[in-house]
Every structure is written in structure tokens, then in C-alpha cells.
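Every number for a ligand or one of its atoms is a count from 1 in the order of the listing. Atoms considered below: every heavy atom in the structure, side chains included; atoms not considered: hydrogens, waters and symmetry mates.
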Amino acid sequence: MSATAKSVAKPLLLTNIGQLLTLKDITGRNEPRRGRELLELGIIENAAIFCREGKIAAVGSEVAIGARATQEIGSDLRVFDCRGGTVLPGFVDSHTHPVFVSPRLVDFEQRIQGSTYEQIANAGGGIRSSIERVRKASEDDLVSAVLRAFEDMERSGTTTIEAKSGYGLSLDSELKSLRSIREAAQQWPGTVISTFLGAHVIPPEFQQRADEYVDLVCEEMIPKVAKEKLADFVDVFCERGAFSIAQTERIFAAAQKARMGTRAHVCQFTPQDLSRLARFEPASYDHLDCLTDKDLQSLAQQRTIATLLPGASYFLAHSYAIARRLIDAGAAVALATDFNPGTSPTTSMPIVLSMACTQMRMTPAEAISAATINGAHALRLAKRKGSIEMGKEADLAVFDIRDYREICYWFGRETCRATVMNGHLAIH
Ligand code: NIG
Ligand code: FE
């Protein structure tokens, strides 16, 4: 573990913030943002933030906060000049798959030549082609791969990451994957939530015996993962060619029994009837590119977060989720990278926000709320993360821009200058 990774952070004062987006709770109820609430960024001009012991100790106008911080701490204080830039809560990337060994370049070229994601998967490529190398990899190699992904994400302003297993698909290699997430998380100053995705696809040795694999997931894998406290959530790829709604129900029931939260990849390529999953109150449904009208209306009434992943639509040249209709109907929308080797090889939340604006017609303000406070709700972390308020954890992203809308406007141009993770400053 590096010296700073999980140690208590020194006092830190961020000064000269041109635009500070606090995302302060306007509902007063710690509820996810819906509809017009997504537009309220809680902006303070000419601001400063004082962080102590990894938390936000004070936030407000430059004059008031600066004086208070120096008074309290004297010369032991680290001061970072934001040079008139924009500061917002660090992004909460609530959907990533970082435990893999190599990019999937063969799939990439096959798709360019006209094969679809599903055709490649049915021919034994896709997720299955990532399994062999993860099974053979040492835990150390996986830790290095995961840590590199975390550090790349951090450089684009991400401070909290949800990380899934799902390329091992045997008891041992799934446990190895989750342990590698845990170890990488120890070495990184940001915050990691881990998710068990043993139900990603049916592994080759269980072909034609899908239900037996579901038995293994429910009866052996989930209890073992829970016992070792290796994951907070259980995820399922619920899709034609992966797991059915009935199988997802069984897996969710096992997760509930093990007192783990649930979430699912749904409606990425085909519509599904989500009403059968509602009783599990999943933390999020992710993708939703082919959502039915009925499910859209019912999702708007639920606490489950609708996590949209435009990176996957872009990379597969596939249809985008109907963000506008979801927001206008009142669903609580979040945005995440879906970082993975098959459908979304990006670690950059700013690029995802750009796609959300240009391809899904979200406004920059909606995209930023979706990528911060609603991402925190998707991970059930909103009491600690996702906004800049006194007492919350000091997770910040400092951008070298004058106006927050530039985060969504530039694409592929890295403007994130520094991040603060649990009070630890990292300058890029
Ligand atoms: O979120 N759709 C399922 N899981 C990933 C893809 C994983 C892969 O192709 O390696 C996704 O898009
Ligand atoms: Fe995914």
C-alpha cells in the first residue's frame, strides 16, 4: 500500500475556485434527483473548500473559508490554488468491469466487418474470449490491471468506482477477481464498491447446462463471496444469450438471502419484462437501450436508478437509451462508463458526459447530476458521496475550465487538473 492510500489526509484548502458545483441536496431527503431537480447544481462563484480528516469541513465564499481554515490549522495546511477553474464532486462511476487482461481486438475488427456483438458472442467470442486469460492470470497481474484502470479513471475526475468481477466464471477465478479488486482498492486513495458478476454469461463447460451453472452461482459462489465479504452487490447480465428473467430472479433471491444488494444489466439488446424483478428493489438497472414503454413508466415510480451507458452504444454503434423520455417521465437517471474490453473500453467520464449530451440530448447540468449524486445513489452511497457538503467525504474534481458546461463540450481533451479522494490531493 502506498503511504497515502488509506492514511488520514492532511488538512487541505482549495482556493480560487471560479465555479464551484456543490450539488447540495435540494430535496432535503437524501433522495435521487429526478426531472428538473437534475438541473440544480448549487453553484457558488469565487469559492473555497476546506477539507479536514478526509471530510468537507467548510465550503463557501473564498473570503470566509480561507480565513477560517488558516485560523484553525495554522501553517500545517496544504493550499491548492484552483486558478479560477471549476470544481465539482468527483465523478461516481457506478458501473465498470476492470478485471480483465487484454483488449478484444479480434472482436473489434469483426464488428467493423459487419458482425454483431451477439453473433460474435454466439460464435464463442465476446465475454467468453476474456475468460481464459483471467483464469490463467495471477492475482498480482489482475491487481495491476485493476489499479491501472482506477488510476486512469482518477485522471479524468473519477473518485468513486463500482468494480465488477465477471470474466472468471468459476468459483476460484471469480474469488480471485474480487480479491484483486479488494487489493487494488487498498492501494488507491479513492473509494471502491465491488460487485459479484458470476452471472455474466454461461461459461463454456456449462453450455447446454445453464441452470446447473445458476445453481453453482446461487448455492456456492454467492454464499462464499458473502462469507468473505468480497462484494457489496450481485449483478446479472439479463439478456438473450446470457441469463433469463427467471434465472435472474433465482440469483437475486440468493443475493437477498446472503444480504447483498442487487443490480442488473437489462434491456441492452432486447426488451424484457422488468416487473418480475421489482420485488427485489434492485439498486440499479443498467443499459436500458431497448426499454418498453410499460417498463419506462413503471421505472419512473421506482427507487431503482436507471443507469445509462452511452459508451457501449457508441462502441457497438447501437441505439442509445432514451434518456430524454426517462428524465421527463421522472426516472432517476445516472451515467457511468461501463469500462470493459468488449463494449466500452473507456475510463473517461467526461467522454461519457459528452455522449450523453450530444447523442441522448441530456443537458450538461443533467449529465453532471447523473454522474455525481445519482451515481452515488446507484451505489447507495449518497449519504457520503456525490455532493460537496459539510460532513461528506472530500471527493473533488478540479477542472481547468471557466464554465462547467465545458466538461461536456470538449471531448477527448483532458481538462481535469487534479482530484481529491477522501481528502488526498492528486495533481495530474
Ligand atoms: O456491460 N453486457 C454485458 N456486459 C458488458 C460487456 C462485457 C463484454 O463484452 O466483455 C456490458 O456491456
Ligand atoms: Fe456492463
Is His287 close enough to the Fe ion (ligand 2) to have an N, O or S atom under 2.8 Å? no
Judged by modelled atom types alone, do Ser387 and Glu389 share a side-chain donor-acceptor pair under 3.5 Å? yes
If you look at every heavy atom in Gly423 and Leu12, which pair is closest and at what distance? O-CD2, 3.9 Å
Short list, please: which atoms of ligand 1 are under 4.0 Å from a heavy atom of His95? 1 (O)
Walk me through it: do Arg240 and Thr270 pass the test side-chain hydrogen bond (donor to acceptor under 3.5 Å, both in side chains)? CA-CA 7 Å; Arg240 179 173 70 195; Thr270 51; 5.1 Å; no
For ligand 1, which atoms have a heavy atom of Ile127 less than 4.0 angstrom away? 7 (C), 8 (C), 9 (O), 10 (O)
Answer yes if the ring centres of Phe108 and Phe315 are under 6.0 angstrom apart, and no otherwise. yes
Starting from atom 4 (N) of ligand 1, which protein heavy atom do you reach first, and at what distance in Å? His200 NE2, 2.9 Å
Ring geometry between His318 and Phe269 (parallel below 30°, tilted from 30 to 60°, perpendicular above 60°): perpendicular
Pi-cation contact, Phe206 with Arg209 (under 6.0 Å, within 45°): yes
Can you pull out the closest protein heavy atom to atom 12 (O) of ligand 1? Residue, atom name and distance to 0.1 Å, please. Thr343 OG1, 2.6 Å
Mind reading off the angle at the Fe ion (ligand 2) between the NE2 atom of His265 and the NE2 atom of His95, rounded to 10°? 90°
I need the nearest protein heavy-atom contact for atom 11 (C) of ligand 1: residue, atom name and distance, please. Asp338 OD2, 3.2 Å
Determine whether any heavy atom of Glu239 lies closer than 4.0 Å to an atom of ligand 1. no
Of all N, O or S atoms in Asp338, which has the smallest distance to the Fe ion (ligand 2)? OD1
Check the surroundings of atom NZ in Lys294: do more than 12 heavy atoms from other residues, nucleotides or ligands lie under 6.0 Å from it? yes
Which of the numbered atoms in ligand 1 are below 4.0 angstrom from a heavy atom of Asn340? 5 (C), 6 (C), 7 (C), 8 (C), 9 (O), 10 (O), 11 (C), 12 (O)
Exactly one of Asp395, Leu396, Leu21 should register a side chain to side chain contact (heavy atoms under 4.5 Å, CB included) with Ile388. Which one does? Leu396
Is there a side chain to side chain contact (heavy atoms under 4.5 Å, CB included) between Ile245 and Cys238? Walk through the geometry before answering. CA-CA 6 Å; Ile245 289 276; Cys238 179; 3.8 Å; yes
Atom 2 (N) of ligand 1: which protein heavy atom is closest, and how many Å away? Gln268 OE1, 2.8 Å
For ligand 1, does Arg104 get within less than 4.0 Å through its side chain, its backbone, both, or neither, judged by non-hydrogen atoms? side chain
Which atoms of ligand 1 are found less than 4.0 Å from any heavy atom of Tyr117? 6 (C), 7 (C), 8 (C), 9 (O)
Heavy-atom distances under 4.0 Å decide this one: backbone, side chain, both or neither, for Tyr167 against ligand 1? side chain
